[in-house]
Amino acid sequence: MPELPEVETVRQGLARWVVGRRISTVEVRHPRAVRRHLPGDRHFADVLAGRTVLDVRRRGKYLWLPLDSTDAIVGHLGMSGQLLLQPRGAADELHLRVRFGFADDGPELRFVDQRTFGGLAVSAGGAQLPAEIAHIARDPLDPDFSATDFVAALRRRRTEVKRALLDQTLVSGVGNIYADEALWRAKLHGSRPTDVLTRPAGTRLLDQVRDVLTEAIRAGGTSFDALYVNVNGESGYFDRSLNVYGREGQPCPRCAAPIRREAFMNRSSYSCPRCQPRPRR
DNA sequence: AAAGTCTCCTGCTTGC
DNA sequence: TGCAAGCAGGAGACTT
């Protein structure tokens with residue numbers, strides 16, 4: 001599942017292979033992929049034809065591609081979205097949703113998405129920061145992210161710490177996998193209430209979030225279920241470094257207690273019952 | 001207003 | 001064997 005490290009890996013690939021190229025044709029194969037582009041799929045294709053990609057930027061799990069028109073292509077991979085570079089004429093993927101051809105006749109950019117939770121849109125005048133993602137907080141690897149402000153905001157919340165980590169308006173880029181991994185590293189149970197977390201505990205947690213995200217980027221991301229690949233179709237290998245996520249019943253790498261799985265928001269949380277005791281309520 | 005829940009979607013896995 | 005339910009989950013819409 002694409003979280004910050006996976007999206008950053010894709011960003012780096014796009015920066016290498018797409019920046020400076022002029023879009024010639026856009027084919028929307030499935031309108032749901034551009035459902036957030038309110039003027040519709042025809043407009044999406046028309047407004048992009050002839051535009052040159054100037055850069056590839058990211059905030060949290062969102063990508064945007066500033067164009068020479070001051071607009072930007074905004075993208076989110078959702079659960080299963082992939083941005084792939086493929087030679088012209090290569091067979092269509094089963095879940096191909098959008099195809100971009102370039103004026104240089106080089107490789108196409110394809111948006112492929114099995115579960116269709118992801119999508120693309122054109123942000124009018126959004127080259128600097130698309131309005132569509134202005135509500136998303138900076139991510140913890142952003143040089144302008146303030147640790148002090150984050151910890152203060154965390155402690156003002158009246159919720160559980162894992163819910164707070166997943167709230168993209170508080171800190172962006174963290175999803176279920178890296179939330180569980182950071183909480184394990186910080187030896188905190190995700191149900192711990194945020195308002196009684198000490199400042200040092202909040203800072204330690206943020207440090208662990210940053211560490212796990214940075215290490216995962218170095219590994220090219222986590223390809224837990226093969227739905228995530230980079231722009232060249234290659235898997236990341238951080239799944240080998242996961243300590244708790246998806247490891248129910250296996251020994252905690254720190255204390256050997258069997259990893260526990262608990263229901264959380266209609267999904268699962270993984271933690272060590274000994275290193276991360278559940279808070280008394 | 002903030003916090004919590006529901007819904008969108010497909011394909012693989014599990015169970016009767 | 002076949003069908004149905006369960007599961008994966010990001011984030012916007014909706015409810016409390």
Side-chain angles (χ1 to χ4, degrees), chain A residues 1-11 28-38 58-64 74-83 92-98 111-121 123 130-139 152-183 190-197 209 213 216 221-229 235 239 242 244-249 261-270 281:
Chain A
M1 289 98 257
E3 302 181 30
L4 186 151
E6 293 74 37
V7 179
E8 173 60 18
T9 303
V10 170
R11 190 200 67 76
V28 177
R29 301 285 301 270
H30 194 311
R32 186 172 153 79
V34 296
R35 66 194 179 284
R36 305 228 179 267
H37 186 76
L38 300 181
R58 180 185 58 74
R59 173 173 286 197
K61 304 169 197 172
Y62 278 93
L63 290 169
W64 78 95
V74 187
H76 196 293
L77 301 178
M79 287 293 302
S80 54
Q82 304 177 338
L83 285 163
D92 288 355
E93 291 78 4
L94 178 59
H95 302 293
L96 175 65
R97 308 305 189 193
V98 183
F111 180 65
V112 176
D113 190 11
Q114 180 202 94
R115 295 184 199 168
T116 71
F117 280 18
L120 304 175
S123 175
E132 292 83 348
I133 61 177
H135 64 292
I136 299 292
R138 291 185 188 277
D139 61 66
L154 181 68
R155 297 173 76 242
R156 279 196 299 272
R157 292 294 175 98
R158 296 183 60 85
T159 186
E160 299 174 357
V161 65
K162 183 170 176 183
R163 285 179 181 277
L165 283 182
L166 296 178
D167 181 346
Q168 306 296 302
T169 66
L170 186 61
V171 56
S172 67
V174 182
N176 204 37
I177 295 176
Y178 296 110
D180 279 2
E181 292 299 311
L183 288 163
S191 297
R192 290 278 290 271
T194 48
D195 55 346
V196 293
L197 264 193
V209 169
L213 295 178
T222 300
S223 300
F224 190 71
D225 60 4
L227 285 180
Y228 158 72
V229 292
S235 296
D239 57 306
L242 296 175
V244 284
Y245 184 84
R247 301 190 69 247
E248 182 182 19
R261 172 182 171 181
E262 296 169 292
F264 169 77
M265 292 170 75
N266 274 334
R267 48 207 63 158
S268 296
S269 286
Y270 299 88
R281 28 191 325 109

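Numbers restart at 1 for each chain; the letters A, B, ... are given by sequence-line order, proteins then strands. Computed over heavy atoms, backbone and side chain alike; hydrogens, waters and symmetry mates excluded.
Looking at residues two or more places apart in sequence or on another chain, you find no salt bridge (Lys or Arg N to Asp or Glu O under 4.0 Å) involving R97(A). Listed by chain and number, the residues in a side-chain hydrogen bond (donor to acceptor under 3.5 Å, both in side chains) with R35(A) amount to none (sequence neighbours excluded). For R36(A), the side-chain hydrogen bond (donor to acceptor under 3.5 Å, both in side chains) test picks out no residue, with sequence neighbours left out. Remark: P5(A) engages E3(A), Y178(A), L213(A), A216(A), I217(A) in a side chain to side chain contact (heavy atoms under 4.5 Å, CB included) (not counting sequence neighbours). Shown here are the side-chain hydrogen bond (donor to acceptor under 3.5 Å, both in side chains) partners of R261(A), two or more places apart in sequence or in another chain: S268(A). With sequence neighbours excluded, the residues that form a salt bridge (Lys or Arg N to Asp or Glu O under 4.0 Å) with R11(A) are E8(A). The salt bridge (Lys or Arg N to Asp or Glu O under 4.0 Å) test applied to E132(A) returns no partner, not counting sequence neighbours. Qualifying side chain to side chain contact (heavy atoms under 4.5 Å, CB included) partners for T194(A), counting only residues two or more places apart in sequence or in other chains: L154(A), R157(A), T159(A), V161(A), A164(A). With sequence neighbours left out, the side-chain hydrogen bond (donor to acceptor under 3.5 Å, both in side chains) criterion links R138(A) to D142(A).
Note that the OH atom of Y270(A) and the CG atom of L242(A) stand 11.0 Å from one another [nearest 0.5 Å].
As rounded to whole Å, 11 Å separates atom P of dC7(C) from atom OH of Y270(A). Across the protein-nucleic acid pair, D180(A) atom CG and dG10(C) atom P stand 11 Å apart, rounded to whole Å. Look at CG on L166(A): it is 10 Å from C1' on dG10(C), rounded to the nearest Å. Per the geometry, OH belonging to Y228(A) stands 18 Å off C1' belonging to dA8(C), to the nearest Å. If you measure from atom CE of M79(A) to atom C1' of dA11(C), you get 12 Å, rounded to the nearest angstrom. Straight-line distance from the CG atom of L4(A) to the P atom of dG10(C): 13 Å, rounded to whole Å. Between the P atom of dG10(C) and the CD1 atom of I133(A) lies a distance of 17 Å, rounded to the nearest Å. Remark: P of dA8(C) and CG of N176(A) are 9 Å apart, rounded to the nearest angstrom.
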Taking N or O atoms only and anything under 3.5 Å, show me the protein contacts with nucleotides 3-9 of chain B, one pair per line.
| unit_1 | atom_1 | unit_2 | atom_2 | d |
| --- | --- | --- | --- | --- |
| dA3(B) | OP1 | R158(A) | N | 2.9 |
| dG4(B) | OP2 | T159(A) | OG1 | 2.7 |
| dT5(B) | OP2 | R163(A) | NH2 | 3.1 |

Polar-atom pairs under 3.5 Å, protein N or O versus N or O of nucleotides 12-16 of chain C: list them with distances, or write none.
| unit_1 | atom_1 | unit_2 | atom_2 | d |
| --- | --- | --- | --- | --- |
| dG12(C) | OP1 | Y62(A) | OH | 2.5 |
| dG12(C) | OP2 | H135(A) | NE2 | 3.1 |

The test is side-chain hydrogen bond (donor to acceptor under 3.5 Å, both in side chains); show your working for T222(A) and D239(A) and say whether it passes. CA-CA 5 Å; T222(A) 300; D239(A) 57 306; over 6 Å; no
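Remark on the helix from dA2(B)-dT16(C) to dC16(B)-dG2(C): inter-end axis angle 60°, axes from five-pair C1' superpositions, rounded to 10°.
At a threshold of 4.0 angstrom between heavy atoms, the contacts of S80(A) with the nucleic acid are absent.
Of the residues near DNA chain C, V174(A) and R261(A), the one whose nearest nucleotide (by heavy atom distance) lies more toward the 5' end is R261(A).
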